[in-house]
Amino acid sequence: MKVSLGPGPGSVLLLTLWVQLVLSGVYASDGTKNCKLFSDSESERKVLSRVEALANKSFTGESKSKDESYTYTFQLCGDAGGVQGAGVTQYDPKSKKTVVVGQYNATQAIGGSDWVMLIYRNGDRYDGHCSKEKRKAIIMISCNREADMGTLEVVLEDRERLEDCFYLFELDSSAVCPVIKSRLSAGSIILIIAVCLLAVYLIGGFLYQRLVVGAKGMEQFPNYSFWVEVGNMTADGCDFVCRSKNRHEAPAYRGVSAEPLEEEPEERDDHLLPM
């Protein structure tokens with residue numbers, strides 16, 4: 001009988017999975033902190049925090065022409081294409097060669113109200129363009145509320161100059177969209193609540209009168225008898241408050257009796273007639 005004190009295959013597998021989960025959790029928690037700013041400042045750190053949702057996610061785009069075809073990979077503050085330190089890579093399927101366009105350890109972040117622009121510097125040097133300077137990638141991330149994670153679009157590679165050449169990319173994402181603030185005032189909210197309560201009163205009262213009471217016609221209106229008298233009561237109240245004339249005022253000439261006069265006896269003139 002043999003007793004094995006060493007770890008078995010199952011325990012080794014569990015230990016490996018646990019280590020991977022821990023490392024992935026630590027890596028994910030870093031987020032944009034992996035990016036090293038070319039000129040470190042608090043304002044640029046705030047701009048990077050706006051695109052935190054895009055951290056550790058890979059985006060690919062293709063650029064095709066008659067003579068050239070490249071595949072670009074962009075990763076925010078992560079190793080693009082598996083190349084250590086690369087923020088943007090360029091892959092040539094013909095030569096099977098991967099070129100680092102920009103590194104995330106030399107990042108510059110510029111932000112506006114609904115956009116963020118990232119600049120990755122210190123890429124591989126050009127072979128025969130731009131005075132053999134280092135490559136540079138510019139990624140323009142624009143607001144699009146309908147796209148959580150958009151697709152990477154290759155706009156251009158500006159290398160027909162002596163210096164300061166760059167690759168330009170575009171990416172749409174809702175991560176950089178500004179927060180929409182509510183523009184409803186307190187009066188508007190009260191009005192909306194009042195309209196909702198009125199609708200509940202009318203609909204509920206109508207259904208009750210029709211289904212429970214069995215009313216027909218205008219009688220289905222809730223509290224119909226009360227609302228019919230509202231107009232009369234309002235008019236009476238207005239008449240009582242606003243009118244100053246006394247409708248029971250006595251006649252202006254007090255010497256004349258207000259009582260009806262008794263009929264005087266009719267004078268007979270029959271004796272004037274000839275006999």
Side-chain angles (χ1 to χ4, degrees), residues 31-41 43-48 50-144 147 149-173 175-176:
T32 56
K33 293 181 180 179
N34 291 332
C35 281
K36 294 182 180 179
L37 294 174
F38 189 78
S39 179
D40 199 353
S41 65
S43 60
E44 293 192 31
R45 281 294 171 189
K46 290 182 179 179
V47 173
L48 279 177
R50 294 175 54 187
V51 292
E52 183 75 28
L54 303 179
N56 305 318
K57 293 180 174 58
S58 182
F59 302 89
T60 58
E62 294 183 356
S63 174
K64 295 182 179 181
S65 63
K66 295 181 179 180
D67 301 328
E68 299 175 332
S69 177
Y70 299 104
T71 300
Y72 296 89
T73 303
F74 161 65
Q75 188 166 348
L76 178 63
C77 304
D79 298 332
V83 181
Q84 186 176 4
V88 178
T89 59
Q90 180 193 63
Y91 175 72
D92 187 355
K94 292 183 179 180
S95 62
K96 308 295 182 182
K97 181 181 178 181
T98 300
V99 175
V100 177
V101 180
Q103 298 187 8
Y104 61 82
N105 61 1
T107 304
Q108 184 178 359
I110 304 172
S113 59
D114 58 351
W115 57 270
V116 169
M117 183 172 66
L118 300 177
I119 302 176
Y120 286 161
R121 302 177 182 271
N122 295 344
D124 293 341
R125 293 186 179 275
Y126 284 98
D127 295 331
H129 300 279
C130 301
S131 304
K132 296 184 178 181
E133 68 177 8
K134 292 183 177 181
R135 289 175 169 85
K136 177 176 63 176
I138 301 176
I139 304 95
M140 189 69 180
I141 306 175
S142 303
C143 169
N144 186 350
M149 305 295 172
T151 57
L152 184 68
E153 296 184 4
V154 184
V155 180
L156 61 90
E157 177 190 358
D158 190 357
R159 62 183 183 183
E160 303 300 329
R161 56 172 69 188
L162 296 178
E163 59 182 8
D164 201 20
C165 299
F166 61 89
Y167 294 75
L168 180 60
F169 306 90
E170 287 185 349
L171 179 65
D172 291 340
S173 175
V176 297

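The residues of the chain are indexed from 1 along the displayed sequence.
- Side chain of E44 to main chain of A109: a donor-acceptor pair is present (N/O by atom type, distance under 3.5 Å, no hydrogens or angles).
- A donor atom on one side chain and an acceptor atom on the other are found under 3.5 Å apart for Y72 and Q90.
- The shortest non-hydrogen separation linking D40 to R45 is OD1-NE, 3.9 Å.
- In this structure, CG on L54 lies 5.0 Å from CZ on F59, to the nearest 0.5 angstrom.
- Between the CG atom of D172 and the SG atom of C143 there is a distance of 8.5 Å, given to the nearest 0.5 Å.
- Closest non-hydrogen pair, I141 versus L118, comes out as CD1-CD1, 4.1 Å.
- Here the shortest heavy-atom pairing between T89 and V101 reads C-CG2, 4.1 Å.
- Judged purely by atom type and a 3.5 angstrom limit, S131 has no side-chain atom pairing as donor or acceptor with the backbone of E163.
- Put simply, CG on L152 and CD1 on I139 are 8.0 Å apart, with the number rounded to the nearest 0.5 Å.
- Using a cutoff of 4.0 Å between basic side-chain nitrogens and carboxylate oxygens, K57 and E52 are not scored as salt-bridged.
- Screening D164, D158, D124 for a salt bridge (Lys or Arg N to Asp or Glu O under 4.0 Å) with K136, the sole residue that qualifies is D164.
- In this structure the side chain of F74 reaches within 4.5 angstrom of the side chain of L171, judged on heavy atoms.
- Remark: side-chain polar atoms of S173 are paired, donor with acceptor, to backbone N or O of A175 under 3.5 angstrom.
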In sequence, state the C-alpha distance, the side-chain angles, and the governing distance for E157 and Y167, and then conclude on side-chain hydrogen bond (donor to acceptor under 3.5 Å, both in side chains). CA-CA 4 Å; E157 177 190 358; Y167 294 75; 2.8 Å; yes
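- Y91 has its ring centre no less than 6.0 Å from the ring centre of Y70.
- Atom-to-atom distance recorded for L37:CG and L48:CG is 5.5 Å, nearest 0.5 angstrom.
- Minimum heavy-atom separation, K97 to D127: NZ-OD2, 4.4 Å.
- A distance of 15.0 Å separates NZ of K134 from SG of C165, quoted to the nearest 0.5 Å.
- When all heavy atoms of C77 and N34 are compared, the closest pair comes out as O-CB, 3.5 Å.
- Side-chain contact annotation: R135 with Y126, donor-acceptor N/O pair under 3.5 Å absent.
- Distance alone, capped at 3.5 Å, is enough to place a donor-acceptor pair between the Q103 side chain and the N122 backbone.
- Side-chain contact annotation: Q108 with R121, donor-acceptor N/O pair under 3.5 Å present.
- Taking each heavy atom of T107 and Y104 in turn, the nearest pair found is OG1-O, 2.7 Å.
- Sparse packing is recorded around CG of L162, with 12 or fewer heavy atoms of other residues, nucleotides or ligands lying under 6.0 Å away.
- Contact check for V47 versus I110: no side-chain heavy atoms found under the 4.5 Å cut-off.
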